[in-house]
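The block underneath contains the structure these notes are about, expressed in structure tokens.
Here the structure is a predicted model, which means the values were calculated and not measured. Order of appearance sets the numbers: ligands from 1, and atoms from 1 within every ligand.
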Amino acid sequence: MRRPVVLLAFVFIALLGALAAKGLLIQPPPIRAQNAPGEFDAKRAKERLAYILGNQRPHPSDTPESDLVRARLVGQLQQLGLSPIVRDQFACNELYKQRGVSCARVRNVIAILGPAAGKALLINAHYDSTPVGPGAADDGIGVATLLEVAANLKGKSLERPVILLFNEGEELGLIGARAFLADPLSRKVDALINMEARGVRGPVNMFETSHPNAAPIALFAAAVKNPVADSLGTDVYRLLPNYTDVNSFSERGWLTLNLAPIGNETRYHSAGDNVATLDPATLQHMGDQTQSLALALANGTPASANGDRIFMDVAGRTLISLPLVVGVGLLIGLMIGFLAVSVRRGGLLRAAVATIAAAISATLLSWLILAIIGAVRHGMFWRAHPIWTHLAVYAATIFATAVFLTLVGGRLDRTKLRPGFWFVFLVVGGSIGLVAPGGIIFFIFPPLIALLGIIVSRSWKLAELVGSLAAILFLYLTWGAMLGLLEELLNGGPMWIFATLGSLLIIPALIEARPLLASAGLRACSLVSGAAALAFCAASAAAPAYSADREQRFVIQHVADQTKGKSWWSILNDGAPIPVAYGHEWKRGELPFSDRPRWISDAPADPELHAPDVQPVSKVQSGDERTLTLRLVANGMEHVDLIAPPDARIRAAGVEGFVRPIDQDGGGKFSVSCFGRSCDGAILQVRTGRLNPVDFIVLGGIAGLPPTAMPFLTKRPNFARPQYNRDESIAFRTRRL
Ligand SMILES: [Zn+2]
């Protein structure tokens, strides 16, 4: 092989290696072997958590399992010399961006440190789990952290009260947080640290603040040693349908910081979220941050800095932040700067077209590759080994970039391609800024470094090259590291998005390799990068889809419509075909109570099961509104849900003291749910804007399946388990109210 081709192959491999390794840039600091007195001890925190979770059964609100967990939690607090209070409330909360209200009897556990008087810091975690798994990370990481921080803060003299809230009912719809807001104690609060989890390992991200964010960011930057946070993330989080207790607390306007790990979502809300899997380094990262923030907030009132800032960490080592206006000014200034350089040097249009064509064609090519592999493999074929699919996408991006830099870039050399690329980069940054202003932070420093290099190159010729390489390195440490976290966050896809986002890193790197690309020639460039892309496509197509660590989502349910006398088996999975061993006629479809597509087949009736019911207590009409008061009859079910059609116009629902408004936007069915032992006999109020009767589905469920499900349970594929929903027997009836 010719020497340039060998060098080129080396450059491509190095680039792919860097892209594969970028996830390692941000890791929680290694676990400390020895802790100084008062330092957060992750080992001790995890031992306490293991004790509290006991036999690690799911412990959703108002169940016998949650009673056991709470008793052990209260015991641990008493052992620390604290006097925990248990608040027992039957409460409801509205679901956010969904038309629903959720109710449960919740017992919040509260302990207070420091002086009795004055404004307080609230540190919040939830001790309930989903009905699917033990919740060792979600939110055991928060519970363990709260206890260890309590142990370390207890001996210290604090200037302000610190309220430790172990709330219950978060998983059902942030019910414990709503219940706490009805507690007079909540009136003392002016600052909040919230702890959550959407994974079991990796760094702990600070992904949400109160707004304006200048004060929480100043505090975070000063207090936290290993910050993982960026304002693109906080802006994008606000656009996503994810909720934590902060959604309920935010109406009070407290200074707020929200922390969570996101590593390995495949275990989240499943039996896989267990104590053994929770990475102690992740727990230590959560603990160190929370303890430093708590000490800062317990020994001084929150700073009253104003305005919005944009910020990002540099490879989890330090936090850079700027006022948003300064960021916007810099972005515009840099845009003008690179436009001027490009116009003087010429070739702006060609360089811009090459950049844009590379990014777009990389995205289209990746979409096509994924569609082809997906047509053969079905479901989340990348779930166990996402690295191969990511590398296939990045290799396809290298291929598209190498081709378009040569084809469209024509005879442009690096001095013309560089300013053209950075100009497009800044335009992309500005466009992202229109949707998520915090995203601008990623688009300022690399072009700034590159421009400084160009300016200095008037007196030192090599400065432009040095500046360009430094800009790419900085881009790798920030944008690259962020992409690594995004790969964790978007593990459910779409994967092609990494071609678009990765091209911002790959294009400037290949521009620097331009002389090599030119001497190797178009054919060699496309052959070498195309071969790499094909190799990773083959790896992506051949790698096992699921593993013991990263199992397939696979939920089996028996569903009975007891009004019509019809029963189904229902399987919720990632869309992959049903195993052949299941033998039945399985069809993709929906069931009357949910719009979610699932696998369905006919099932024998389950004579043991009785759908819950409602008894009307009163119906009162006033003006354009009807208020239905209903008594729930659980008939042995663990939860009762009233589901109404999209035109039911339900405006509010709940129990006395917690009748909560329902958002009418967004469309879809309405739901009013109650979970736990106390639902049987509970009196529920439902206010509807429809004066004629509404047909409600009254649905209930109980863990486990009828004996006829045995063949499905024994033949459930290896590496498949319930996630997000449990194996459950569901029965419903229709009631006109
Ligand atoms: Zn949670």
Side-chain angles (χ1 to χ4, degrees), residues 45 49 52-53 56-63 65-66 69-70 73 91 93 95-98 102 104 106-109 122-147 164-180 192-202 204-208 237 240-250 256-275 277-279 282-283 285-287 289-290 488-489 673 675-676 722-726:
L49 176 64
I52 288 171
L53 293 183
Q56 300 203 52
R57 292 187 37 83
H59 51 281
S61 299
D62 198 18
T63 56
E65 289 79 18
S66 84
V69 167
R70 181 174 50 259
L73 170 62
N93 193 28
L95 305 177
Y96 296 92
K97 295 187 195 170
Q98 275 176 69
S102 184
V106 295
R107 283 86 158 181
N108 286 345
V109 178
L122 173 67
I123 318 180
N124 177 62
H126 64 88
Y127 71 87
D128 62 309
S129 75
T130 64
V132 199
D138 177 20
D139 190 15
I141 195 171
V143 170
T145 301
L146 263 183
L147 285 166
L164 312 175
L165 172 58
F166 304 81
N167 86 67
E168 196 183 24
E170 191 275 348
E171 297 292 3
L172 301 172
L174 324 181
I175 300 172
R178 176 60 57 195
F180 179 72
L192 163 69
I193 304 169
N194 191 62
M195 292 178 284
E196 260 298 347
R198 186 205 170 257
V200 296
R201 60 170 170 73
V204 170
N205 301 51
M206 196 287 288
F207 65 99
E208 187 179 22
Y237 172 76
L240 295 176
N242 287 318
Y243 307 100
T244 70
D245 288 324
V246 171
N247 287 79
S248 288
F249 290 144
S250 63
T256 299
L257 290 158
N258 202 352
L259 302 162
I262 58 167
N264 196 357
E265 175 274 346
T266 68
R267 286 178 173 272
Y268 173 63
H269 286 192
S270 83
D273 180 7
N274 52 35
V275 174
T277 315
L278 173 62
D279 186 346
T282 301
L283 177 52
H285 198 203
M286 176 70 94
Q289 296 189 57
T290 301
E488 285 283 0
L489 195 65
S673 303
F675 193 101
Q723 187 184 21
Y724 293 108
N725 299 79
R726 61 181 179 181

Report yes if the side chains of Asp139 and Glu170 come closer than 4.5 Å at any heavy-atom pair, otherwise no.
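No, every pair of side-chain atoms sits at 4.5 Å or beyond.
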From Arg198 CZ over to Ile262 CD1, what is the distance, rounded to the nearest 0.5 angstrom?
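Here the rounded value is 6.5 Å.
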What protein N/O/S atoms are found closer than 2.8 Å to the Zn ion (ligand 1)?
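Atoms qualifying: His126 NE2, Asp138 OD1, Glu196 OE1, Glu196 OE2.
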Of all residues at least two apart in sequence or in a different chain, which pass the side-chain hydrogen bond (donor to acceptor under 3.5 Å, both in side chains) check with Asp128?
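With neighbours one apart ignored, the set is His126.
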Got a sec, which residues hit side chain to side chain contact (heavy atoms under 4.5 Å, CB included) with Gln56, two or more places apart in sequence or on another chain?
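Scan of Gln56 (side chain to side chain contact (heavy atoms under 4.5 Å, CB included), adjacent residues dropped) gives Leu53, Pro134, Asn274, Val275.
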Those residues that, when tested against Ala179, pass side chain to side chain contact (heavy atoms under 4.5 Å, CB included) (two or more places apart)
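By the side chain to side chain contact (heavy atoms under 4.5 Å, CB included) rule, Ala179 matches Gln89, Ala91, Val106, Asn108.
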Arg267 and Thr277: side-chain donor and acceptor closer than 3.5 Å?
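The answer is yes; a qualifying pair exists.
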